[in-house]
A.B. asks: 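Below is the structure I would like to discuss, written out as structure tokens.
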Amino acid sequence: MPATSAGMTLERSARGHYSGVMNSPAIAKTKRRGVAIDAAAARPALLLAWYDRHRRRLPWRPPPGEAADPYRVWLSEIMLQQTGVKTVGPYFEKFVARWPDVEAMARASLDDVLRMWAGLGYYSRARNLHACAVAVRRDHRGVFPDSEEGLRALPGIGPYTAAAIAAIAFGRRTMPVDGNIERVVSRLFAVEEPLPQAKPLIQQLATTLLGASRAGDSAQALMDLGSSICTPKKPACALCPLNDECAARGRGDQEIFPRKAPKKTGTLRRGAAFVVTRGNELLVRTRPEKGLLGGMTEVPTSDWIAAQDDKAALQQAPTVKGIARWHRKAGVVTHVFTHFPLELVVCTANVPARTRAPEGMRWVPIATLAGEAFPNLMRKVIAHGLRV
DNA sequence: GAGTCGTGGCC
DNA sequence: TGGCCAAGACT
């Protein structure tokens, strides 16, 4: 497959199809009629015209015609990585209210950022968010780089996010390709090659949808299209500005795109969690900086392994003086991570006032648990353990 | 390149 | 209701 490059000509196979791609009916029709204009050339304008009428109003988007704030674009793009618009909204508002610009965030502590991020998931994003703010202040005088390359060098900014910020905030002529755009483009061109192998091809095809200007709007148009019309299931093709151009719709099998390589699901892991109270306080610790739920707060637990023996898990209970006996709560707490499902049994105990926390652990008032950096798994565990 | 990394919503 | 999906990055 040819390398990604804007404006590159696609190779055609002997059968008259683009490599891994079906011809769009519009192109074929144009050729049969012998019309000189290439229908494909009109797509960027069709897309932008649709966007100007139907763009979503989102907290990080300025009013039409106004320049985007790179800080808000960056913050929203990080939050939106693998996370829905609806979920991100309140978090975005909370963040910009507390930290109105990148320098303010750079002055905040990592702990404060993690606490504000709690519940959003993928916590390395919060760590990189803070590191990025610090880097922009320290290495770029508080001003975001305006090139894809400069952005790409910052923590937490990969190929997609660098292109998105460059296009949306700085008007650079580049096309970020996210899950929405992959779906729209793979249907538009009926890309038969499965993901993720098809990524370079899709990047190249997506770039053909950029017009001469308004790169950021072109990208956001495709994202809005993918989110509201060209949806994974039951796409509303009748409302799509590119429906006449769409190869998949021409064949009537839109929903089979994008093709994807089958994914394997992880095996169940099990363990035990220990909810220890001291009056109105709860025993907690902080997870290691890196890895699963890195840097987040948790109650002590056993290890989580596939062939977990209940007895072995319970033997990993923390050693706290004053615990007469453990109470095993009925039922289990279940949680599904991307790569494995988890099942935790919950044991509880209460200890006398002034009992000391074991090494590496601490007591926190139950009344302030909402402000702790607990991932949702731990909120479920604690709710289960404290339930009467 | 394939694994690792959360969470909520959807049908 | 369980699998799929969502504006991916990092190793």
Side-chain angles (χ1 to χ4, degrees), chain A residues 55-56 58-61 68 72-92 114 117-129 131-132 151-169 175-185 195-197 199-200 203 206 216 218-228 230-235 255 258 260-269 287-296 298 304 334-342 373-380:
Chain A
R55 59 183 287 170
R56 291 177 293 177
L58 299 172
W60 44 89
R61 281 187 186 166
R72 295 166 71 92
V73 173
W74 163 70
L75 178 59
S76 67
E77 288 300 341
I78 301 298
M79 288 183 164
L80 287 162
Q81 288 166 7
Q82 298 293 284
T83 308
V85 163
K86 201 170 175 182
T87 304
V88 164
Y91 282 87
F92 178 83
L114 282 175
W117 194 276
L120 245 195
Y122 285 133
Y123 297 99
S124 65
R125 289 185 299 170
R127 191 172 307 285
N128 286 143
L129 185 80
C132 182
L151 290 160
R152 180 69 184 80
L154 291 166
I157 298 184
Y160 163 78
T161 306
I165 299 174
I168 297 170
M175 181 62 88
V177 178
D178 69 343
N180 282 313
I181 298 182
E182 280 176 350
R183 185 172 57 257
V184 174
V185 168
L195 287 169
Q197 292 84 354
K199 277 176 180 291
Q203 170 75 61
S218 295
Q220 293 179 94
L222 282 176
M223 293 178 202
D224 281 15
L225 199 57
S227 153
S228 59
C230 196
T231 48
K233 293 177 182 172
K234 299 193 184 307
E255 288 198 36
K260 290 187 180 179
K263 62 181 75 168
K264 43 195 157 187
T265 99
T267 56
L268 174 69
R269 300 186 201 180
R287 293 181 61 86
E289 293 288 305
K290 296 206 167 190
L292 186 69
L293 305 174
M296 302 298 285
E298 68 172 2
W304 309 341
T334 62
H335 192 78
V336 182
F337 292 101
T338 312
H339 47 304
F340 68 91
L342 175 66
F374 284 119
N376 276 11
L377 164 63
M378 285 302 147
R379 297 188 187 276
K380 285 194 258 184

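Below, chains carry the letters A, B, ... as their sequence lines are ordered, and counting in each starts from 1.
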A.B. asks: Name the nucleic acid region contacted by A:W74, choosing base, sugar-phosphate or nothing; use a 4.0 angstrom heavy-atom cut-off, strictly under.
C.D. replies: nothing
A.B. asks: So what does A:T161 touch, heavy atoms closer than 4.0 Å: a base, only the sugar-phosphate, or nothing?
C.D. replies: sugar-phosphate
A.B. asks: Tell me which of A:R183 and A:I157 sits closer to the 5' end of DNA chain C, going by the nucleotide each one is nearest to.
C.D. replies: A:R183
A.B. asks: Ring-plane angle category for A:F337 and A:H335, please: parallel below 30°, perpendicular beyond 60°, tilted otherwise.
C.D. replies: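 Aromatic pair A:F337/A:H335 classed perpendicular.
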A.B. asks: CG of A:L195 versus C1' of C:dG8: gap in Å, rounded?
C.D. replies: 13 Å
A.B. asks: Taking atom C1' of C:dT11 as reference, at what distance in whole Å does atom CG of A:N128 sit?
C.D. replies: 12 Å
A.B. asks: Which is true for A:P196 with a 4.0 Å heavy-atom rule: it touches a base, it touches only sugar-phosphate, or it touches nothing?
C.D. replies: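 No contact.
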A.B. asks: Looking across every strand, which nucleic acid part, if any, lies under 4.0 Å from A:P159 by heavy atom: base, sugar-phosphate, or nothing?
C.D. replies: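 It contacts sugar-phosphate atoms only.
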A.B. asks: Give me each pair satisfying salt bridge (charged side-chain N to carboxylate O under 4.0 Å, His left out) with a member in residues 218-227 of chain A, each pair once, sequence neighbours excluded.
C.D. replies: A:R56-A:D224, A:R61-A:D224
A.B. asks: How long is the line joining CE of A:M79 and P of C:dG8, in whole Å?
C.D. replies: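 So the two atoms are 15 Å apart, to the nearest Å.
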A.B. asks: What is the separation between atom CD1 on A:I78 and atom P on C:dA6, rounded to the nearest whole Å?
C.D. replies: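 A:I78 atom CD1 is separated from C:dA6 atom P by 19 Å.
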A.B. asks: Provide, to the nearest angstrom, the distance between the CG atom belonging to A:L268 and the P atom belonging to C:dG3.
C.D. replies: 12 Å
A.B. asks: Does A:R125 use its side chain to pair, donor to acceptor, with the backbone of A:Q81 at less than 3.5 Å?
C.D. replies: yes
A.B. asks: Summarise how protein sits on nucleotides 4-11 of chain B as a single string, 5' to 3': B when a protein heavy atom is under 4.0 Å from the base, S for sugar-phosphate-only contact, - for no contact.
C.D. replies: SBBBS---
A.B. asks: Rounding to a whole Å, what distance do you find between A:I181:CD1 and C:dA6:P?
C.D. replies: 12 Å
A.B. asks: Just call it for A:I168: base, sugar-phosphate, or nothing, with non-hydrogen atoms closer than 4.0 Å on any strand.
C.D. replies: nothing
A.B. asks: Over how many whole Å does the gap from A:R152 atom CZ to C:dA9 atom C1' extend?
C.D. replies: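 In whole Å, C:dA9 C1' lies 8 Å from A:R152 CZ.
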A.B. asks: Please check this pair: side chain of A:R127 against backbone of A:G156, looking for a donor-acceptor N/O pair closer than 3.5 Å.
C.D. replies: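 No; zero donor-acceptor contacts below 3.5 Å.
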A.B. asks: What interatomic distance, in whole Å, is found between P of C:dG2 and the corresponding atom of B:dC5?
C.D. replies: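 After rounding to an integer number of Å, I get 24 Å for this pair.
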A.B. asks: Do any N or O atoms from the side chain of A:Y91 and from the backbone of A:A118 form a donor-acceptor pair under 3.5 angstrom?
C.D. replies: yes
A.B. asks: Can you check the distance between C:dA9 and B:dG8, where both ends of the measurement are the P atom (answer in whole Å)?
C.D. replies: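 Comparing P positions in C:dA9 and B:dG8 gives a spacing of 22 Å.
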A.B. asks: Relative to the ring of A:F92, is the ring of A:W60 parallel (under 30°), tilted (30 to 60°) or perpendicular (over 60°)?
C.D. replies: perpendicular
A.B. asks: Main chain of A:M223, side chain of A:S227: is a donor-acceptor contact present, judged purely on distance under 3.5 Å?
C.D. replies: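 Answer holds: no.
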A.B. asks: Classify the nucleic acid contact of A:R56 as base, sugar-phosphate or nothing, counting any heavy atom under 4.0 Å across all strands shown.
C.D. replies: base
